[in-house]
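Heads up, the thing below is written out as structure tokens.
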Amino acid sequence: MSPLIEKMLTLQDRDRKILQLLREQRDVPARKQLIDSRLQAHRESLKASQEEILKHTASLKNLEVEIEGKKDLIKKYRDQQLQAKKNEEYRALEHEIANVQKHIRAFEEKEIVEMERMEALQKTMGEHQQDFQAEEKQVLAEFKILEQRVGNIEGELAQMRIERTELIQGLDPAWLSRYERILQKTGNFAMVPVEKTCCGGCHMTLPPSVVHDARRGTAITTCNYCGRMLYAST
Ligand SMILES: [Zn+2]
């Protein structure tokens with residue numbers, strides 16, 4: 001294999017690594033989003049249970065206000081009883097008080113049920129909070145790894161570019177520009193080996209003269225079908 005071909009293959013190896021690193025760099029935001037989407041589901045469950053508790057707290061508060069109001073009403077009736085001049089008046093107030101007490105008992109029973117419900121809601125929220133925190137810890141750890149990788153990609157890219165600059169020194173500009181064009185077009189290989197009588201890129205059978213030229217390796221030989229540059233692997 002000619003030193004030129006060897007140099008071009010090394011260049012191709014660096015360029016393929018650069019392309020791979022660039023693809024990895026491009027995929028970082030999507031990967032971040034994917035990681036964060038796992039947290040989003042937990043975030044929503046937690047928020048829903050917190051809102052449920054707020055709603056429930058308000059309805060419990062309402063019940064307490066209702067009970068307090070009824071108790072005040074009883075006090076008012078008791079005061080009126082003290083000033084009652086007639087027995088009927090006194091008994092009528094006693095009847096009213098009994099009615100209000102019935103209401104209070106109903107409210108208090110409801111309050112007990114609501115408080116039990118509140119306990120269940122708080123337990124659920126606690127569980128959601130734990131799940132969220134566990135997932136958040138995991139997600140943050142993954143973000144950190146990803147951030148480190150982003151930094152490493154930058155470093156590797158810089159290194160590959162330095163090596164590339166050195167490699168293209170002294171390369172035939174015609175070979176180089178053709179190589180770069182094909183690499184851009186195919187997105188994978190610009191230089192492929194001749195495999196028996198076929199192109200190592202598109203696997204089409206090559207004319208004998210092309211195979212012959214590629215084996216000699218003195219000029220650029222390209223595949224008639226995919227345009228890739230050919231070299232003899234042995
Ligand atoms: Zn081909």
Side-chain angles (χ1 to χ4, degrees), residues 1-41 135-136 138-234:
M1 194 182 291
S2 79
L4 176 66
I5 299 273
E6 265 178 40
K7 207 170 175 187
M8 294 285 290
L9 285 174
T10 313
L11 176 65
Q12 174 166 269
D13 176 68
R14 297 299 176 277
D15 280 343
R16 282 176 51 76
K17 276 181 187 148
I18 289 173
L19 285 174
Q20 198 189 345
L21 288 166
L22 288 174
R23 271 195 292 269
E24 205 183 334
Q25 207 172 38
R26 194 194 57 208
D27 291 345
V28 164
R31 280 179 68 191
K32 270 192 178 172
Q33 211 170 5
L34 194 68
I35 294 171
D36 190 62
S37 69
R38 276 172 20 218
L39 196 57
Q40 191 55 25
E135 192 68 50
E136 187 181 44
Q138 186 72 25
V139 161
L140 289 177
E142 283 178 40
F143 273 160
K144 203 173 159 192
I145 291 169
L146 200 56
E147 286 304 326
Q148 278 167 352
R149 182 64 197 135
V150 168
N152 290 347
I153 291 173
E154 296 284 350
E156 284 172 33
L157 269 175
Q159 182 56 35
M160 290 295 145
R161 282 175 176 143
I162 290 169
E163 288 183 34
R164 183 181 206 280
T165 309
E166 281 166 11
L167 279 164
I168 61 171
Q169 299 291 322
L171 271 184
D172 180 346
W175 275 72
L176 185 62
S177 71
R178 185 172 188 118
Y179 157 85
E180 282 172 345
R181 237 182 10 255
I182 302 169
L183 189 69
Q184 192 96 36
K185 200 180 102 190
T186 62
N188 49 30
F189 291 97
M191 300 197 51
V192 290
V194 174
E195 289 169 351
K196 286 182 187 162
T197 57
C198 297
C199 162
C202 67
H203 308 293
M204 296 290 282
T205 303
L206 299 160
S209 64
V210 174
V211 176
H212 179 259
D213 288 348
R215 294 233 162 94
R216 277 177 58 204
T218 46
I220 301 182
T221 312
T222 57
C223 168
N224 313 41
Y225 307 100
C226 68
R228 288 184 177 92
M229 295 156 81
L230 300 162
Y231 66 90
S233 53
T234 49

N-O pairing of [X] and [Y] below 4.0 Å:
X: Glu147; Y: Lys32; result: yes
X: Lys7; Y: Glu166; result: no
X: Arg23; Y: Asp27; result: no

Calculate, to the nearest 0.5 Å, the distance between atoms [atom1] and [atom2] belonging to [X] and [Y] respectively.
X: Asp213; Y: Ile220; atom1: CG; atom2: CD1; value: 12.0 Å
X: Asn152; Y: Leu146; atom1: CG; atom2: CG; value: 11.0 Å
X: Thr222; Y: Arg178; atom1: OG1; atom2: CZ; value: 4.5 Å
X: Glu136; Y: Asp36; atom1: CD; atom2: CG; value: 10.0 Å
X: Arg228; Y: Leu183; atom1: CZ; atom2: CG; value: 9.5 Å
X: Asp13; Y: Phe189; atom1: CG; atom2: CZ; value: 9.0 Å

Check whether any side-chain heavy atom of [X] lies under 4.5 Å from a side-chain heavy atom of [Y], and answer yes or no.
X: Leu19; Y: Asp15; value: no
X: Glu142; Y: Leu34; value: no
X: Ile5; Y: Trp175; value: yes
X: Thr197; Y: Pro208; value: no
X: Glu156; Y: Arg149; value: yes
X: Leu230; Y: Cys199; value: yes
X: Glu24; Y: Val28; value: no
X: Thr186; Y: Cys226; value: no

Got a donor-acceptor contact below 3.5 angstrom from the [X] side chain to the [Y] backbone?
X: Gln169; Y: Thr165; result: yes
X: Arg164; Y: Leu11; result: no
X: Arg38; Y: Val139; result: no
X: Gln12; Y: Ala190; result: yes

Return the minimal non-hydrogen interatomic distance between [X] and [Y], and the atom names on each side.
X: Ile182; Y: Met229; answer: CD1-CG, 3.8 Å
X: Ala232; Y: Arg215; answer: CB-CA, 3.7 Å
X: Met191; Y: Tyr179; answer: CG-CD1, 4.0 Å
X: Val194; Y: Ala214; answer: CG2-CB, 3.7 Å
X: Val192; Y: Gly200; answer: CB-C, 3.9 Å
X: Thr205; Y: Cys198; answer: OG1-SG, 3.9 Å

Any side-chain donor near an acceptor of the partner, Gln184 and Glu180, under 3.5 Å: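 Checked: Gln184/Glu180 side chains show no N/O donor-acceptor pair below 3.5 Å.
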Set of salt bridge (Lys or Arg N to Asp or Glu O under 4.0 Å) partners for Glu6, sequence neighbours left out: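 For Glu6, no residue satisfies salt bridge (Lys or Arg N to Asp or Glu O under 4.0 Å) once neighbours in sequence are set aside.
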Test side chain to side chain contact (heavy atoms under 4.5 Å, CB included) applied to Leu4 and Leu171, step by step: CA-CA 8 Å; Leu4 176 66; Leu171 271 184; 3.3 Å; yes
Within 6.0 angstrom of His203 NE2, more than 12 heavy atoms from elsewhere: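 Check passes, neighbour count above 12.
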Neighbour count >12 (heavy atoms, 6.0 Å) for atom CD, Gln159: yes
Full working for side chain to side chain contact (heavy atoms under 4.5 Å, CB included) between Leu22 and Ile18: CA-CA 6 Å; Leu22 288 174; Ile18 289 173; 4.0 Å; yes
Side chain to side chain contact (heavy atoms under 4.5 Å, CB included) evaluation trace for Ser177 with Arg181: CA-CA 6 Å; Ser177 71; Arg181 237 182 10 255; 4.2 Å; yes
